[in-house]
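First the structure, in the form of structure tokens, and then the observations on it.
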Amino acid sequence: MIDEIPKQYSPKDTEEKWYKFWEENNFFIAKPDPNKKPFTIVIPPPNVTGILHMGHALNNTIQDILIRYHRMKGEEALWMPGTDHAGIATQNVVEKSIAKEGLKRQDLGREKFIECVWQWKEQYGSTIIHQLKKLGASCDWPRLRFTMDDEYSKSVIEAFVLLYEKGLIYQGSYIINWCPRCQTALSDEEAAHQVLQGSLYYIKYPLKDVGQFKPANPRMPPLAAPRHTAAAREPANYIVVATTRPETMLGDTAVAVNPKDKRYKKFIGKTLILPLVNREIKIIADSMVDMKFGTGAVKVTPSHDPNDYCLGKKHNLEFINVMRPDARMNEAAGKYQGMDRFKAREVIIEDLKKQGLLQKIEPHELSAGHCYRCHTIIEPYLSKQWFVKMKPLAKPAIEVVKKGKIKFYPRRWTKVYLNWMENIQDWCISRQIWWGHRLPVYYCRNCISHMANSISQKDNKPLAISHKQENIIVSRTKPEKCPKCGSTDIYQDEDVLDTWFSSWLWPFATFGWPNQSSAASCQLSDKNNLKTENRKLKTDLDYFYPTSVLVTAPEIIFFWVARMIMAGLEFQKNIPFKDVYIHGTVRDAQGKKMSKSLGNSIDPLEIISEYGTDALRFSLISITAQGQDVFLSKDRFEQGRNFANKIWNASRFILMNLDIKEFPPKADQPTAENLVNRWILSRFYSSVGEVEKYLNNYQFNEAANTLYSFFWHEFCDWYLELVKPVLVNRVQSTEYRNTQVVMYKVLEKFLRVIHPFMPFITEEIWQGLSLRTCELANLRTSIMIQPWPHIQNEIIDKKTEADMAEVFEVITTIRNMRRELDILSQTQNIAVKIFVSNKNTKLLLESNSACIKNLARLEGLIIAEEYRQSSGEFVNILKGMHLVIPLKGVIDIEKQREKIEDKIHKAQTDIKAKKAMLVNKDFIKRAPEKIVEGEKEKLNALSGEIEKLKGVKNGLK
RNA sequence: GGGCUCAUAGCUCAGUUGGUUAGAGCGUUGCGUUGACAUCGCAAAGGCCAGAGGUUCAAAUCCUCUUGGGCCCACCA
């Protein structure tokens with residue numbers, strides 16, 4: 001019969017089978033049930049372009065553990081799955097794929113290209129879903145949502161329209177983050193700042209009034225260097241500005257200095273000649289200028305820098321754009337037209353050098369924004385975009401976190417969140433790409449052309465912030481005719497919305513908002529005059545929202561978490577989730593973030609095929625300390641695999657030894673009069689209690705490690721070893737029967753408790769157990785829908801646990817003595833005498849002498865009261881007991897003496913410390929009584945021990 | 001510039017309200033082919049818990065500073 005069960009657990013044979021079984025039996029499906037408490041998690045929707053990486057594996061394992069745990073706890077657990085259309089990322093992928101055929105998206109045209117993307121999505125978009133299934137994710141798959149689905153898109157439009165109507169969305173021209181490669185605007189969050197080693201270029205701008213600047217004299221002292229007072233006396237004919245982006249100087253329309261700056265006071269209002277361009281520009285004063293940076297004089301390029309933009313507005317400067325959207329210089333750049341911005345930089349520097357206008361170049365560290373999708377350096381660029389006013393949305397979102405309605409785990413993220421929210425900037429939501437939700441914004445050609453006659457807006461002309469929005473039509477559907485002029489010549493804005501503008505609606509858009517909103521359902525039931533009973537039936541949105549917990553990575557707190565909170569409060573008038581669990585980032589052994597581009601990633605699928613899904617899940621979880629980053633290397637997964645194998649083999653052993661006739665065990669609560677059985681039950685329920693506590697606090701590693709050490713080191717190493725003789729002898733006795741029941745129950749219940757962590761192996765064994773015990777042979781049921789074990793507090797008994805610990809200590813000490821004597825080998829049979837003066841301990845040891853003999857592998861064991869020393873024995877002291885191994889051969893007395901002296905020495909040190917502690921009046925007075933009592937007991941025990949040690953030492957001969 | 005985080009055994013890390021002898025996995029050493037498991041068992045070695053102050057009867061744990069890593073935010077031309 002043993003041969004039926006292989007010695008090693010084979011994940012490959014089980015995983016697919018059980019996943020299919022679960023799905024087919026609809027075990028993942030959740031429906032509103034008024035008798036049950038809902039437990040909801042919405043998945044952070046992976047990009048359709050995504051392939052499973054370790055970050056996903058960790059993120060989704062955590063969610064699956066929570067979902068499976070709460071499902072077993074009897075809650076209506078819904079894990080809402082879906083994918084994100086990931087505008088820029090997906091468009092880039094598809095662009096790359098058509099580029100193989102030599103095509104650009106412009107070649108196809110918008111409609112055709114979008115079609116291509118959809119095709120691509122149909123073909124590859126579900127890759128990540130299949131991979132999540134391999135991971136064991138128990139999502140409610142029929143609910144699968146995609147952010148570009150029709151229904152979902154309606155939510156997005158609805159949100160836009162509502163915000164617009166409320167005045168929270170506006171269009172305007174500002175400096176935004178522009179990715180020249182993707183050719184779209186990005187939000188501030190999408191421009192990832194990275195430190196670069198750049199240069200600070202010091203450029204001389206000649207003063208107009210001083211006459212012709214003479215480049216022939218390079219030694220001419222700079223005006224803006226008053227450090228040398230002598231220099232200041234020289235005729236001043238130029239000002240030096242410092243810049244990191246010299247190419248933007250072509251668009252300079254002023255130079256600014258701080259009004260308090262004595263060096264420049266006299267130049268304020270004077271005119272400079274902009275080199276290379278020969279434009280006249282003014283020197284203006286503004287307190288924004290940092291006197292300490294560079295020369296204290298700053299070139300102002302209102303069209304290419306956000307600060308300069310502000311200055312431009314404030315001082316009414318000209319706005320000159322010198323670049324095209326692809327970051328090549330435009331016609332305003334004169335001879336540099338057509339050059340890439342970095343090429344232009346080189347050439348400009350060369351030209352300035354030739355004219356003697358370059359004072360110096362200093363190495364300079366700067367941080368520049370990079371496109372978070374293609375890593376191209378962002379160009380601050382003036383353009384007309386759509387924005388969401390964030391301050392009004394942020395206010396309530398700050399409140400709910402401050403009031404603790406939403407809690408972050410670990411707590412420290414609260415501060416990060418609040419800090420960002422309190423300094424929130426308006427959100428640029430329009431993107432100049434094709435893949436995404438088109439803005440529900442329409443224009444009437446007729447009206448626009450009228451407008452054009454009055455205001456001419458060209459790229460190079462200064463752009464006024466367009467608060468005039470009369471010619472804009474925002475509508476849920478395309479209007480048939482212009483509400484102003486009645487023209488039917490209406491077209492839609494070309495731009496699409498930021499992907500995150502759809503993701504921020506995820507916790508309720510997935511439930512069909514606005515169609516399924518509570519208001520709508522109420523209306524419906526009134527109209528149809530439904531019975532009151534039916535009226536009570538909640539919509540999914542009512543039932544599952546707010547969700548319970550959001551599990552995510554720190555990178556997207558700003559992108560997503562914060563915005564969901566704002567959207568939830570704005571559109572649902574309720575928080576989207578109660579808890580936010582932020583897990584760490586997965587890094588490689590060197591601490592680098594795992595990413596495909598770095599080539600340092602460990603493929604979870606590879607781990608699954610090599611070690612099994614359960615091993616992957618367990619290993620990941622057991623090294624995920626709360627919120628701490630996860631440093632991974634491949635060998636980490638061996639632990640998980642070994643543990644799975646341990647569970648497998650322990651189960652195998654139990655199955656082999658189950659007396660089938662006795663099953664199913666009649667008594668759910670076994671009468672465990674024997675200490676060993678009482679002990680393991682107590683330990684089991686204690687452990688379950690800990691696991692619950694840890695899971696409720698999102699301490700997954702602690703939960704996993706508790707289960708690991710309970711099962712391996714208590715259940716297998718001690719319990720199974722202890723009961724082996726009883727099982728193997730198969731003597732029909734009360735003890736035998738009880739042991740059968742206890743062993744079976746603990747295993748079966750342990751499988752349930754570890755099931756959320758290791759779903760596949762637990763199902764495999766559980767089904768095997770059920771079959772063997774004929775309990776559930778014909779039922780289509782699963783471990784995943786069994787109730788979580790109810791903790792039986794009356795079974796938890798600390799006295800029993802302490803007693804057993806004492807027995808174990810005796811066994812360990814004897815094993816240790818064997819080692820010291822080098823008689824570990826079982827072939828060398830030995831007998832041991834234990835002398836105990838304490839009556840209770842003596843009784844305890846006597847009633848467990850069989851266990852001690854067995855596990856210490858003793859031939860004989862004598863338990864006596866009074867110790868009398870004699871020669872030819874090896875003695876050890878443990879808690880006042882003398883453990884004696886009589887020996888026939890010669891004993892190294894010196895060695896023994898040394899050992900004992902060491903022990904005495906250590907005990908003496910301890911005693912000294914304890915005594916000092918107990919003499920301290922403050923300690924007696926202020927420490928809790930329990931602690932003081934404990935210390936006193938310890939001191940007594942130590943004193944007793946030392947006496948006995950001395951006795952043994954003196955007796956050595 | 002602001003904020004966060006880390007420094008504990010050879011390595012990678014746990015250690016949540018301060019209180020027995022600071023734990024685990026891997027690695028190392030010795031022993032073991034005992035009736036599930038060598039993806040195993042038994043045992044051992046190995047820690048002034050980064051450094052310096054402070055609070056406290058009591059500090060790996062709380063506070064301050066120092067040193068050295070990592071991360072995030074910011075309008076550092």
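Sequence lines set the chain letters: A, B, ... in the order given, protein chains first and strands last, and positions in each chain run from 1. Just so you know, these numbers use all the heavy atoms, side chains as well, and skip hydrogens, waters and symmetry mates.
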Give me the atom names and distance for the closest heavy-atom approach of A:H304 to A:V322.
NE2-N, 3.0 Å

In whole angstrom, give me the gap between the C1' atoms of B:A45 and B:G1.
50 Å

Atom CD1 of A:I931 and atom P of B:A59 are separated, to the nearest Å, by 13 Å

Using atom C1' of each nucleotide, how far apart are B:G69 and B:C37 to the nearest Å?
42 Å

Cationic tip of A:K724 within the cone over A:F653's six-membered ring, i.e. under 6.0 Å and within 45° of the normal?
yes

Hey, is the side chain of A:S709 poking within less than 4.0 Å of OP1 or OP2 on B:A24, counting only N and O atoms?
no

Tell me, with the steps shown, if A:K938 and A:E935 meet salt bridge (Lys or Arg N to Asp or Glu O under 4.0 Å).
CA-CA 5 Å; A:K938 266 179 266 168; A:E935 290 302 321; 2.7 Å; yes

Among the candidates B:U34, B:G25, B:A36, find the nucleotide nearest to the side-chain atoms of A:F653.
B:A36

On the 0 to 90° scale, with breaks at 30° and 60°, tag the A:F808-A:W718 ring pair as parallel, tilted or perpendicular.
parallel

Would you indicate which nucleotide in B:G35, B:C76, B:G25 comes nearest to any side-chain atom of A:V728?
B:G35

In whole angstroms, the gap separating P of B:U34 from CG of A:L727 amounts to 19 Å

Out of B:A36, B:A14, B:C4, minimum distance to the side chain of A:R412 belongs to B:C4

Does a side-chain N or O from A:K299 land closer than 4.0 Å to OP1 or OP2 of B:A77, or not?
no

Please name the pair of heavy atoms, one in A:Y611 and one in A:A615, separated by the smallest distance, quoted to 0.1 Å.
O-CB, 3.3 Å

Return the value, rounded to whole Å, for the distance between atom CD of A:E555 and atom C1' of B:C71.
10 Å

Counting distance alone, no hydrogens or angles: does the base of B:A36 have a donor or acceptor under 3.5 Å from a partner atom on the side chain of A:E721?
yes

Between C1' on B:U20 and NZ on A:K906, what's the gap in Å once rounded to a whole number?
12 Å

Scan A:F558 against the nucleic acid and name what it touches under 4.0 Å (heavy atoms): base, sugar-phosphate only, or nothing.
sugar-phosphate

Among B:G41, B:U39, B:C73, the one nearest any side-chain atom of A:N645 is B:U39

Counting just side-chain N and O atoms, does A:H713 come under 4.0 Å of either OP1 or OP2 of B:C42?
no

Considering only the P atoms, how many Å lie between B:C6 and B:U64, rounded to the nearest integer?
14 Å

Work out which heavy atom in A:S622 is nearest to a heavy atom in A:Q639; give both atom names and the distance.
OG-OE1, 3.8 Å

Check the phosphate of B:U21 against A:K914, side-chain N and O only, distance under 4.0 Å to OP1 or OP2. Yes or no?
yes

Side chain of A:R636: nearest nucleotide among B:G19, B:U20, B:U12?
B:U12

In terms of the nearest nucleotide of RNA chain B, which residue is placed more toward the 5' end: A:M291 or A:Y9?
A:Y9

Given atom NE2 of A:H193 and atom C1' of B:G3, what is their separation to the nearest angstrom?
17 Å

Which label fits A:F293 and A:H364: parallel for a plane angle under 30°, tilted from 30 to 60°, or perpendicular past 60°?
perpendicular

Salt bridge present between A:K906 and A:E945 (N-O < 4.0 angstrom):
no

Using the six-membered ring wherever Trp is involved, compare the ring planes of A:Y708 and A:W712 and label them parallel, tilted or perpendicular (cut-offs 30° and 60°).
tilted

Report the residue (A:A650 or A:A256) whose heavy-atom-nearest nucleotide on RNA chain B is the more 5′ of the two.
A:A650

Work out how far the C1' atom of B:G51 is from that of B:A60, and round it to whole angstrom.
14 Å

Side-chain donor/acceptor of A:K724 to base of B:A36, under 3.5 Å
yes

Using atom C1' of each nucleotide, how far apart are B:G70 and B:C13 to the nearest Å?
16 Å

Does B:C40 have OP1 or OP2 sitting under 4.0 Å from an N or O in the side chain of A:N642?
yes

Any carboxylate oxygen within less than 4.0 angstrom of a Lys/Arg side-chain nitrogen, looking at A:E933 and A:K930?
no

Give the rounded distance in Å between these two atoms: CG of A:N854 and P of B:G35.
12 Å

Nucleotide pairing, RNA chain B (Watson-Crick or G-U, distances under 3.5 Å), in dot-bracket with [ ] and |
(((((((..((((.....[...)))).(((((.......))))).....(((((..]....))))))))))))....

So if I take every side-chain heavy atom of A:N701 and compare against B:A14, B:A77, B:C73, which nucleotide ends up nearest?
B:A14

Between B:A44 and B:A7, how far apart are the P atoms? Round to whole Å, please.
28 Å

Among B:G19, B:A77, B:C37, which nucleotide sits nearest the side chain of A:F923?
B:G19

Is it the case that the base of B:C37 and the side chain of A:K646 share a donor-acceptor contact (distance under 3.5 Å, atom types as modelled)?
yes

Does B:A43 have OP1 or OP2 sitting under 4.0 Å from an N or O in the side chain of A:R815?
yes

Rounding to a whole Å, what distance do you find between A:I924:CD1 and B:A58:P?
13 Å

Do the side-chain N or O atoms of A:K415 get closer than 4.0 angstrom to the phosphate oxygens (OP1, OP2) of B:C4?
yes

Starting at CG of A:L658 and ending at C1' of B:A36, how long is that distance when rounded to a whole Å?
12 Å

Nucleotide of B:A44, B:A36, B:G19 approaching A:N816 most closely (side-chain heavy atoms):
B:A44

Candidate nucleotides B:A77, B:U39, B:C73, ranked by approach to the side chain of A:T244 - the nearest
B:A77

What interatomic distance, in whole Å, is found between P of B:C49 and the corresponding atom of B:A43?
27 Å

Distance check, P atoms only: B:A74 and B:U67, in whole angstrom units.
27 Å

